[in-house]
Amino acid sequence: MTGRRAFRVPFRVAAYVAGCLVAVTQLSGCGGSGHGALGGQAHVTVQPSQTFVVVGSAATVGDGLDQPMQQVWARLVWREAFPRSTIFVNAAVRDATAASALQDQVPLAAELHPATVAVWLGSQEAFDRVPVDGFATDLRAVLERLRATGARVFVGDVPQLGAVRADAYNAAIARVAADAGATLVPLHDLSVRRGDGDPVFVPNPAGHRAIADAFVAAIKGRAP
Amino acid sequence: MLAGRSVRRRAGRALLTVLAVALAATLLTSLLIASGAARSRVLDQVSAGGPLAGIEVAAAKPDPGALDSDKPRPGPPRPIDDAALHRIERLPNVKSVVPVVVNPVVIVPPVPAVRGATARSAQANQSALIRETLVGADFSHPGDLPVSVLVGRLPHAGSLTEVAVTLGYAQRFGLDRRHAGAVVGTELVIGAPRLYSALGQVRGRWTRAEIVGVVTQQAAAGDVIAPIEQAQLARQWTRQGDLATEFGVDPSPYSALFVIANGLGHVGAVRQEINNIGFSTSAPETLIESVQRYLHVVEIVLTGIGLIGLLIAALGITNAMLAAVRERRREIGVLKAIGARDRDVRRMFLIEAGTLGFLGGALGSVFGYLLARALANVVNRYLAREHLAAVSLGLPVAVLAGAIAGATLLALVAGTLPAQRAARLPARQAMGDR
């Protein structure tokens, strides 16, 4: 065997071994990054956030719903009308009136410096037949204090309550909203007819869906 | 030059010798690289993905009766404020200090339920809020945190809309480790509670965040991990309510600190210093030291196997060089006859042996690294299927350089005997043999 021939055979063996190693490495994805123990970190991102506050009464708390955390109108509005970074605080209190909201809800809303406030009051007063003038005075105070925070304020009127007439309250809400620079969200047509009785709004998931749609349309500047 | 010519003239034998050394070096380097990767993976597991020299500092005074324990009982509460944080930062042998803030929260289950969730768990979660703990940490230095990513990634530092969750969260939806990735990309609705005792009402400060990863973590007890800003805002909200302590929120600005010492050897001293300042500490130093001892034994065994391979290769070099000396007696005689000294002949054979060792070592290092990468990729595929953190090899320059240097050195030692024999060969005897 000459030296040249002796060289060729081991050279082929070496080339074969090297080729196999490279092939195995390539096939098994040698170049793959495979996340490390800590994953990748690129940059620091601090997003600006805004706050959305809701002022209301029992229906806004979610009374009567099976899954209030998913179905209440205020939460639907938060999810659908605002970016993910928006903070949501539901200040509503059961059986709240405009007068009690001034004490129990408005101070919290003011403290949070909200960008947007949705107000839905008046049903309790309509059921209790509170004098409209007193209601209008209290609602005006609520809206003015909320507007003073610099927030956009959206105020819903009272839907059909069956035998209880809410027209006078709705007229007051429209007047006060216009005076205070708030946006009126018309809810007075929301109702379902049950049997032979008067049309009535039912705060079930469909009712909350309808309220949410009206507020979302107003907040986004669309016609409902 | 003469040595080089000799190698070239007997290329076949030289190549086989180089291959023998290369194979031995391949074995040694791949074993060392693999054992190094396995070591870091095991220690990562023990330290929950965090730095090995990590120390947890609780917002509590140390309990004098439990100072020597890895996980001592904390004493009475003691707030950790910025002053305490800076004081600990300034201690000798402290590399970094990461504050941790926790706050109780409730979570609204996602609708629709997480893909792959079992029907029973989804139904159970729909009907009830999930009580959880939000753990906030500074993600601008993720390497300083006791967190290990299983799927996805960590939230970006400072993000108010990204969180990671632990396997415990995924298990609420009946998702095991293998399917935990299904929660990544879903949205969490997180509410921090504030009690209004006059109204008899708890109001939530609600935020929405996307789950970007599933992790294991040891920063604090809790299944939702977020940038510290999220947890601080939540905590601030809860603390401003009545009876915040009812929710387990103490007045401490930071719930805990995660301190990293300059190496495992300093952990004990740093813990002692922090205890002296007046805070309870815990660290898995005893456990890690025990695991390290066992891993060291494994490394010794694997290195021994690799060295046996190199030793066999060295015997091959000796054998090849002895054969070369026998074949080149006449050449040696001629060299000596024209004036070459013993040390010149010795040097020629040593250079030849060293060259073979160096080439074999270099080739073996490259092959060993590639082999280890290939093995690591096979292992990582298995780990990925099991949704476990991957092993990371990096480029172990010290191991590669050590293998080359070791193979060269061993070849020089192996070539000493033949070189000595060639050097001592009398010129006349060498010439007369032909």
Side-chain angles (χ1 to χ4, degrees), chain A residues 1-11 13-14 17-18 21-22 24-49 51-52 61 66-67 69-70 75 78-79 82-94 104 108 111-112, chain B residues 9-13 15-16 18-19 22-23 41 44 49 108 111 126-127 129 139-140 142-143 145 147-149 152-154 156-161 187 189 196 198-199 201 203-210 213 215 229 233 363 367 370-371 373-374 376-378 380-381 384 389-392:
Chain A
M1 185 184 282
T2 64
R4 197 172 182 78
R5 189 176 172 77
F7 173 78
R8 275 183 192 151
V9 174
F11 179 78
V13 171
V17 170
L21 278 169
V22 170
V24 166
T25 310
Q26 290 298 321
L27 279 173
S28 54
C30 177
S33 55
H35 61 75
L38 289 160
Q41 283 297 301
H43 56 278
V44 175
T45 316
V46 182
Q47 306 108 321
S49 60
T51 303
F52 170 53
V61 172
D66 291 336
Q67 296 175 358
M69 288 296 167
Q70 279 96 6
R75 202 166 277 269
W78 172 50
R79 294 180 70 110
F82 298 98
R84 182 177 273 162
S85 57
T86 304
I87 297 154
F88 168 57
V89 174
N90 189 346
V93 177
R94 278 183 190 82
D104 301 331
L108 170 62
E111 171 201 327
L112 297 173
Chain B
R9 245 190 294 166
R10 292 165 183 83
R13 183 197 294 154
L15 194 63
L16 282 174
V18 167
L19 272 180
L23 282 174
R41 182 72 185 81
D44 269 358
V108 179
V111 178
Q126 291 295 317
S127 57
L129 293 173
F139 285 124
S140 56
L145 292 169
V147 177
S148 180
V149 175
R153 61 173 174 83
L154 289 178
H156 287 132
S159 171
L160 300 179
T161 55
E187 188 180 80
V189 176
Y196 289 81
L199 296 172
Q201 190 181 21
R203 283 171 171 152
R205 175 187 179 276
W206 295 94
T207 54
R208 288 149 59 197
E210 181 189 353
V215 301
E229 292 81 358
L233 289 167
L363 212 60
F367 284 171
L370 293 176
L371 187 63
R373 287 295 298 253
N377 277 299
V378 172
N380 281 346
R381 282 183 185 181
V391 294
S392 177

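Within every chain, numbering begins at 1; the chains are lettered A, B, ... in the order of the sequence lines, protein sequences first and strands thereafter.
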Identify the two heavy atoms, one from B:S140 and one from B:A157, that lie closest to each other, and give their separation to 0.1 Å. N-CB, 3.5 Å
What part of B:V189 lies closer than 4.5 angstrom to a heavy atom of chain A: side chain, backbone, both or neither? side chain
Measure B:R205 against the heavy atoms of chain A and call it side chain, backbone, both or neither at under 4.5 Å. both
Got more than 12 heavy atoms from elsewhere within 6.0 Å of CZ, A:R84? yes
Chain B contact via A:T51 - which portion, at a heavy-atom distance below 4.5 Å: neither
If I measure from the heavy atoms of chain B, does A:D104 come under 4.5 Å with its side chain, its backbone, both, or neither? both
Among A:V61, A:L108, A:N90, the residue with the most heavy-atom pairs under 4.5 Å to chain B is A:L108
Aromatic A:F88 / basic A:R75 pairing, under 6.0 angstrom, 45° off normal: no
Within the structure provided, determine whether B:W206 and A:M69 are in side-chain contact (heavy-atom separation under 4.5 Å). yes
For the pair B:R208 and B:T161, evaluate side-chain contact (heavy atoms from CB on, under 4.5 Å) and give the outcome as yes or no after the intermediate values. CA-CA 6 Å; B:R208 288 149 59 197; B:T161 55; over 6 Å; no
